[in-house]
Amino acid sequence: MLDLKNLSSEINLKIQQVKDRETLESLKTLYLGKKGIITEAFKSMGKIDADNRKNFASELNIIKSNLLDQINSYQSKIELKEIEEKLNSEEIDITLPTKEIKKGKIHPVSQVIDELTCIFAEIGFSVAEGPDIENEFNNFTALNTPEHHPARDMHDTFYLDENKKTLLRTHTSPVQIRTMLNNKPPIKIIAPGRTYRCDSDMTHTPMFHQLEGLHIDKDINMGHLKGCLDFFLKKFFEDENLEMRFRPSHFPFTEPSVEVDISYKLENNKIVVGKGDRWLEVLGCGMVHPNVLKNVKIDPKKFQGYAFGVGIDRLAMLKYGITDLRSFFEGDLRWSNHYGFDANDVPTNYRGLSK
Ligand code: PHE
């Protein structure tokens with residue numbers, strides 16, 4: 001039978017020799033490990049006669065819990081000592097220069113969308129959105145462009161199925177339909193977003209951006225349309241003298257339809273928007289066709305409205321002097337650093353003309 005008195009004094013001796021984590025760990029294994037002395041002693045208790053067994057067990061338990069207490073207090077002392085040593089040996093040099101943080105740039109398209117959102121918010125337009133993948137009803141039929149209408153071919157549509165039912169939207173006008181189907185007039189929204197047509201050269205890319213505008217209410221007329229566009233164009237190009245002209249045109253979903261030109265001049269072969277003797281087409285618009293209103297269950301006798309669609313990329317090119325549209329979507333960091341904007345530039349502190 002193990003001599004517990006001996007064991008106890010042996011443990012006390014060994015404890016005093018503990019210096020660091022390693023010696024503490026080996027002490028732990030020696031007595032309390034799987035094959036440790038105390039563990040084994042518990043296992044062999046069955047061999048002790050019943051009279052002595054109880055005493056033996058309670059004494060052994062006392063020794064074990066004492067040992068555990070000692071081990072725990074040594075452990076915290078050792079940890080404290082380690083932290084102190086670390087603090088004494090390590091130094092932080094707060095004068096060292098920090099690593100350079102690389103900041104990204106805001107793409108001109110995002111910038112222009114933010115500017116436009118701010119401008120139109122001032123005159124009561126909220127933002128609506130629709131999906132890039134559309135059905136032919138929203139993109140064409142509801143917009144008074146039935147099947148076999150020549151305008152469908154003119155759009156160079158990317159169809160997504162053989163039956164030509166699903167497509168990549170060719171303009172943001174389907175958002176007009178979605179908004180009118182889901183809301184009752186008065187409606188006053190802009191809808192910026194990606195649009196797609198099978199086309200590519202200096203001024204066309206297969207994916208481009210448009211901003212749609214729609215205002216439906218009682219007694220809305222061409223004068224409201226003109227006032228709205230005049231406000232937006234002057235504010236966007238930051239030029240009170242900017243002139244605008246309406247040119248008759250045709251869109252199936254507006255009647256009458258017009259295209260809008262703005263004045264500009266050439267300086268050193270560069271386009272400068274503002275007062276000038278030349279005209280540049282920037283957008284299409286008109287009064288919403290009664291058939292369109294009927295298609296979305298709005299009574300054209302009660303409500304009228306105007307709609308417009310403007311190319312966002314084109315606005316960005318004109319305002320910020322970017323000549324090749326394709327470069328917008330190449331993802332070249334040098335281009336982004338040159339033409340991009342700092343995150344804190346606009347829109348919250350948009351510096352358009354105050355009126
Ligand atoms: N959706 C037309 C286009 O892409 C523009 C437009 C919008 C014209 C709204 C009139 C009214 O060319």
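As the structure lists them, so they are numbered: ligands from 1, and atoms in each ligand from 1.
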| Any N or O of Gln210 that comes nearer than 3.5 Å to an N or O of ligand 1? | yes
| request: Heavy-atom contacts with Cys285 under 4.0 Å: which atoms of ligand 1 show up? List them by number with element. | output: 8 (C), 10 (C), 11 (C)
| Is there a heavy atom in Tyr306 that sits closer than 4.0 Å to ligand 1? | no
| message | Any carboxylate oxygen within less than 4.0 angstrom of a Lys/Arg side-chain nitrogen, looking at Lys275 and Glu243? | response | yes
| remark: ligand 1 atoms nearer than 4.0 angstrom to some heavy atom of Phe253 are 1 (N), 2 (C), 6 (C), 7 (C), 8 (C), 9 (C), 10 (C), 11 (C)
| request: Would you kindly say whether Asp332 and Ser327 are connected by a side-chain donor-acceptor distance under 3.5 Å? | output: no
| field | Test applied, salt bridge (Lys or Arg N to Asp or Glu O under 4.0 Å); reference residue, Glu134; option that passes from Arg169, Arg178, Lys164 | value | Arg178
| remark: When distances are taken from atom 5 (C) of ligand 1, the protein heavy atom at minimum range is Gly309 CA, 4.0 Å
| task | With heavy atoms only and a cut-off of under 4.0 Å, state how Phe308 meets ligand 1: side chain, backbone, both or neither. | result | backbone
| Near Glu212, which atoms of ligand 1 are under 4.0 Å from a heavy atom of that residue? | 7 (C), 9 (C)
| Does Asp230 reach the main-chain N or O of Lys226 with its side chain, forming a donor-acceptor pair under 3.5 Å? | no
| task | Measure Arg197 to ligand 1 on non-hydrogen atoms and call it side chain, backbone, both or neither using the 4.0 Å cut-off. | result | side chain
| request: Have a look at Pro185 and tell me which of Asp299, Asp217, Ile298 forms a side-chain contact (heavy atoms from CB on, under 4.5 Å) with it. | output: Ile298
| Taking only heavy atoms of Gly284, which atoms of ligand 1 are found under 4.0 Å from at least one of them? | 6 (C), 8 (C), 10 (C)
| request: Taking only Lys NZ, Arg NE, NH1 and NH2, and the carboxylate oxygens of Asp or Glu, determine whether Glu84 and Lys81 approach each other closer than 4.0 Å. | output: no
| request: Closest by any non-hydrogen atom to atom 11 (C) of ligand 1: pick that one out of Ala307, Pro174, Ser173. | output: Ala307
| request: With Ile15 as reference, evaluate Leu67, Thr23, Leu24 under the side-chain contact (heavy atoms from CB on, under 4.5 Å) test and give the passing residue. | output: Leu67
| field | Residue pair Glu10 / Tyr31, side-chain donor-acceptor N/O under 3.5 Å | value | yes
| query | When only distance counts, is Thr254 in polar contact with ligand 1, meaning an N/O pair under 3.5 Å? | reply | no
